[in-house]
Colleague: 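Take this structure, written in structure tokens, and hold onto it; I'll ask about it next.
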Amino acid sequence: VRDAGVVVCPRLPKHVQIPVARPSMRINGVFLNGMEERRVASMVTHAQASGSSGYGATGNTYSPPPPQDPAKRAQQLNELLQETLQISIQTGPKGFFRGLQAADAVLSLTREYLTKGTLDPPEVVLRKLFEKLGSTYIKLGQFIASSPSLFPDEYVMEFQKCLDSTDAVPFSQIRSSIEKELQRPITDIFSFIDETPLATASVAQVHAAVLRGSNKEVVIKVLKPGVEDILTTDMAFVYLFSRFLEFIQPDLSRLSLTAIIGDVRASMMEEVDFHKEAQHIQEFSTFLDATGFRSQATCPYVYPQFSSKRVMVMERLKGAALVDYNAIRSITTKDPETVLVSALNTWFASVMGASTFHADVHAGNLMVLPDGRVGFLDFGIVGRISPVTWRAVEMLLQSLATADYETMARALATIGACDEDVSYDAFARDLESFFVELEQINTNVVISNDRLNGGGNATVSAALEVDQTQLNRLFLNLVRIGETHGVRFPREFGLFLKQLLYFDRYTRILAPQLQVLSDERIRTTNLSSQYGRR
């Protein structure tokens with residue numbers, strides 16, 4: 001029995017540890033989310049059902065589970081068919097028409113490849129099909145891209161390209177949706193609405209507007225009509241597909257496909273509930289006021305009286321993207337490096353001080369305002385790290401500052417589920433190689449920044465587009481290094497780590513000489529005691 005409250009079972013597959021305490025499952029002090037917990041529990045249950053271990057006498061050769069009793073299989077099939085009938089009745093005509101749309105998407109892609117004469121690799125074909133199938137599958141593709149511990153490398157990398165951009169919905173439909181949700185004519189609320197959207201994605205569309213009376217500029221985020229029905233119908237059929245797969249091949253149940261699909265569905269339904277996003281924004285706003293960071297950063301104010309589950313009206317923030325050095329110089333007197341320091345301090349403190357932290361700080365979601373503050377936008381994706389995990393993260397950040405790779409290896413092993421026999425020396429050597437590669441890529445970005453000083457923003461934009469691919473590859477490489485040495489990171493830590501890589505990119509563009517982890521202006525230690533959630 002270890003101090004983390006788990007038992008290491010040598011007969012189970014590598015990485016699996018059985019919790020001996022509830023209500024929260026944790027591995028090496030890391031609290032697992034529902035998906036990870038069920039995945040571990042499923043593997044444990046499968047191993048138990050397979051006999052003593054599910055492995056051969058040597059402990060290395062996998063033995064499939066024995067055939068199940070025919071009567072039990074017949075009962076399972078009957079239950080599956082009843083569930084299929086129930087879901088079919090629930091989806092009704094919507095399911096039929098959605099099926100026709102899916103068939104049309106498949107035929108459209110088939111015609112494209114017949115015209116082209118050559119077929120792309122399977123992961124490319126699947127990504128293109130997902131984009132044609134629309135909102136549900138685009139979100140599913142984004143989940144694949146953010147879950148390297150669950151999917152093969154080539155699919156994780158390809159789905160980084162999954163475009164969350166679709167044709168704009170005609171404004172007449174958007175107008176009807178707003179009036180239906182807010183139960184009044186839009187002219188009673190807004191004196192002006194720009195019918196051309198500021199942005200359009202798979203599930204929502206954003207329009208600029210002006211409030212009647214106060215003349216305050218706002219943005220209206222509107223859920224696209226029919227998206228909820230499409231998500232519900234699609235996920236019902238994806239769920240059934242996973243159930244049939246597990247029935248046909250019971251061995252797949254150890255991967256907990258159905259549980260994973262259930263968590264993906266819950267995540268998607270949260271994303272189309274703007275009450276949830278409004279809550280995340282309010283929690284971040286409360287954190288800014290409580291900690292004094294409001295002078296350094298802000299977020300849009302949400303107008304609750306004009307918002308609902310499907311419509312959200314927010315204050316419109318105007319400024320420059322955090323990656324646009326020249327634009328930052330032109331709109332504020334604050335030095336870009338000082339602005340970046342403010343963004344870093346705010347975000348690091350929010351990881352421990354806010355209920356959730358912003359887990360999607362790409363360039364479009366961070367804006368420098370004329371007063372020099374940083375605006376955090378779009379709280380659709382958030383994460384949460386426990387205080388126990390954060391102490392290991394602090395050790396990781398300290399080791400990064402001193403290039404102490406063995407301490408870094410031990411910190412990462414503490415954060416992830418791992419074997420007892422991790423070779424820290426070998427792990428440290430691979431980490432050192434990884435960070436040498438990272439520094440080389442950083443140098444390339446600095447060169448691009450020097451070109452920017454010659455004038456124009458196009459060069460920086462092009463460099464960033466290339467750099468995004470490099471960032472995704474680096475993130476995937478680090479995850480794989482951990483897995484090679486028996487360390488599997490929880491998804492929440494993966495979200496945190498990717499944000500660090502984003503900030504590393506911004507540092508190389510705005511302040512190449514800044515040493516983030518050793519600069520005394522940037523607080524990365526003792527945050528748990530100062531800002532930790534109570």
Side-chain angles (χ1 to χ4, degrees), residues 131 135 138-139 141-143 145-146 159-166 168 194 196-208 217-222 224 271 274 277 280-281 284 297-300 302 312 314-328 330-332 336 339-340 342-344 346-347 350 356-370 373-383 445 448-449 452 457-472 475 495-496 498-510:
E131 289 176 345
S135 53
I138 289 173
K139 294 301 177 187
Q142 291 173 340
F143 176 82
S146 64
F159 277 93
Q160 302 285 350
K161 307 172 188 174
C162 200
L163 300 175
D164 191 7
S165 179
T166 56
D194 189 345
T196 302
L198 288 173
T200 180
S202 57
V203 301
Q205 195 160 300
V206 178
H207 289 261
E217 293 189 62
V218 296
V219 294
I220 313 170
K221 186 173 183 178
V222 186
K224 287 184 172 179
E271 193 168 344
F274 292 160
E277 184 174 354
H280 296 152
I281 293 173
F284 185 74
T298 191
C299 58
V302 177
M312 183 164 60
M314 299 172 285
E315 169 191 11
R316 184 178 184 183
L317 300 181
K318 291 184 176 181
L322 191 64
V323 295
D324 195 333
Y325 184 92
N326 285 347
I328 295 172
S330 68
I331 68 164
T332 182
V339 172
L340 179 61
S342 295
L344 286 163
T346 302
W347 185 79
S350 72
T356 54
F357 66 87
H358 197 303
D360 193 21
V361 293
H362 66 71
N365 286 341
L366 294 178
M367 179 180 291
V368 182
L369 309 183
R373 292 186 299 168
V374 178
F376 285 75
L377 310 176
D378 192 351
F379 284 74
I381 302 177
V382 297
V445 177
S448 296
N449 185 48
L452 167 67
N457 298 330
T459 303
V460 160
S461 298
L464 280 174
E465 186 174 347
V466 173
D467 188 53
Q468 177 63 47
T469 301
Q470 293 171 329
L471 184 150
N472 292 330
F475 174 67
L495 285 173
F496 172 84
K498 192 163 187 178
Q499 309 321 302
L500 289 185
L501 290 175
Y502 274 128
F503 278 117
D504 184 76
R505 305 297 93 197
Y506 306 149
T507 301
R508 301 303 165 178
I509 293 167
L510 300 180

Colleague: Can you tell me how far CD1 of Ile381 sits from CD of Glu277, rounded to the nearest 0.5 angstrom?
Modeller: 10.0 Å

Colleague: Given the rule in the side chain to side chain contact (heavy atoms under 4.5 Å, CB included) test, do Leu500 and Asp504 qualify, once you have shown the distances and angles that lead to the verdict?
Modeller: CA-CA 6 Å; Leu500 289 185; Asp504 184 76; over 6 Å; no

Colleague: Only one of Val339, Leu322, Asp324 clears side-chain contact (heavy atoms from CB on, under 4.5 Å) with Leu510; which?
Modeller: Leu322

Colleague: Evaluate the side-chain proximity of Ile281 to Met314: yes if any heavy-atom separation is below 4.5 Å, no if none is.
Modeller: yes

Colleague: Look up atom NE2 in His207 and atom CD1 in Ile220, then write down how far apart they are to the nearest 0.5 Å.
Modeller: 7.5 Å

Colleague: Do the two ring centres, one from Phe284 and one from His358, sit under 6.0 Å apart?
Modeller: no

Colleague: Kindly indicate whether the side chain of Cys299, heavy atoms from C-beta on, has any atom under 4.5 Å from the side chain of Phe379.
Modeller: yes

Colleague: Output, in order, the C-alpha distance, side-chain angles, deciding distance and verdict of side chain to side chain contact (heavy atoms under 4.5 Å, CB included) for Leu369 and Thr332.
Modeller: CA-CA 7 Å; Leu369 309 183; Thr332 182; over 6 Å; no

Colleague: With rounding to the nearest 0.5 Å, note down the distance linking NE2 in His280 to CZ in Phe376.
Modeller: 16.0 Å

Colleague: Atom CE of Met367 and atom CD1 of Ile331: how far apart are they, to the nearest 0.5 Å?
Modeller: 8.5 Å

Colleague: One pair to check against side chain to side chain contact (heavy atoms under 4.5 Å, CB included): Thr200 and Lys224. What are the steps and the verdict?
Modeller: CA-CA 9 Å; Thr200 180; Lys224 287 184 172 179; 2.9 Å; yes

Colleague: Considering all heavy atoms of both residues, which atom of Val361 and which atom of Gln499 are nearest to each other, and what is their separation?
Modeller: N-OE1, 2.8 Å

Colleague: Using every non-hydrogen atom in the two residues, find where Gln205 and Pro197 come nearest and quote the distance to one decimal.
Modeller: CG-CB, 3.7 Å

Colleague: If you apply the rule side chain to side chain contact (heavy atoms under 4.5 Å, CB included), what do you find for Leu366 with Leu377, and how did you get there?
Modeller: CA-CA 6 Å; Leu366 294 178; Leu377 310 176; over 6 Å; no

Colleague: I need the minimum non-hydrogen distance between Ala208 and Arg316, along with the two atoms involved.
Modeller: CB-NH1, 3.5 Å

Colleague: Can you find a pair of side-chain heavy atoms, one from Val374 and one from Thr346, that are under 4.5 Å apart?
Modeller: no

Colleague: Specify the closest pair of heavy atoms between Ile328 and Pro336, including all atoms of both residues, with the distance to one decimal.
Modeller: CG2-CG, 4.0 Å

Colleague: Give me the ring orientation class for Phe503 and Tyr506: parallel if the planes are under 30° apart, tilted from 30 to 60°, perpendicular past 60°.
Modeller: perpendicular

Colleague: What closest approach, in Å, do Ala363 and Ala321 show between heavy atoms, and which atom pair accounts for it?
Modeller: O-CB, 4.2 Å

Colleague: Classify the ring geometry between Phe357 and Trp347 as parallel (under 30°), tilted (30 to 60°) or perpendicular (over 60°).
Modeller: perpendicular

Colleague: Please report the closest heavy-atom contact between Val206 and Lys221, naming both atoms and the distance.
Modeller: CG2-CG, 4.2 Å

